Amino acid sequence: DGGDLICCDKCPSTFHTFCLQIETIPDGNWYCPNCCCAVCGSSQYDDRGESTCKSSFRFCGQCEHKYHVLCVHGGVMAMSAHWFCRPVCGKIFT
């Protein structure tokens, strides 16, 4: 048993609190790691679930982690069809 389940307020993901290493379910909206920037950890959503980002998210073409454009490469990113967060992701993809 992994303990209580916590549901993301933006996507259908659920997690055991034990697996996330949190003791209690937080008050208010909670966004899972999949809905947050892999660099800064912040979500792009406010308490109403509306986007508040001044920087758009970019998805890795292999692992699907999300990144704020401003958190990666100082906000300067080539907007190609496939972008990879790490060389190993690009290597796996090809």
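The structure presented is a predicted model; accordingly, all values stated were derived computationally and were not measured.
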Residues passing the side-chain contact (heavy atoms from CB on, under 4.5 Å) test with V88, sequence neighbours excluded, are R86, I92
Contacts of F59 meeting side-chain contact (heavy atoms from CB on, under 4.5 Å) (sequence neighbours excluded), chain-then-number -> K66
Quick one: pull up [atom1] in [X] and [atom2] in [Y] and give me the separation to the nearest 0.5 Å.
| X | Y | atom1 | atom2 | answer |
| --- | --- | --- | --- | --- |
| W83 | Q62 | CH2 | CD | 12.5 Å |
| H16 | I6 | NE2 | CD1 | 12.0 Å |
| W30 | L20 | CH2 | CG | 5.0 Å |

Please give me the minimum heavy-atom distance between [X] and [Y], naming the atom from each residue.
| X | Y | value |
| --- | --- | --- |
| C35 | Y31 | CB-CB, 4.3 Å |
| D9 | N29 | OD2-CA, 2.9 Å |
| C85 | C89 | SG-SG, 3.9 Å |
| Y67 | A38 | CE2-CB, 3.4 Å |

Between C8 and the options C36, P33, C32, the side chain to side chain contact (heavy atoms under 4.5 Å, CB included) test singles out C32
TODO: Check whether any side-chain heavy atom of N34 sits under 4.5 Å from a side-chain heavy atom of F15, and report yes or no.
DONE: yes
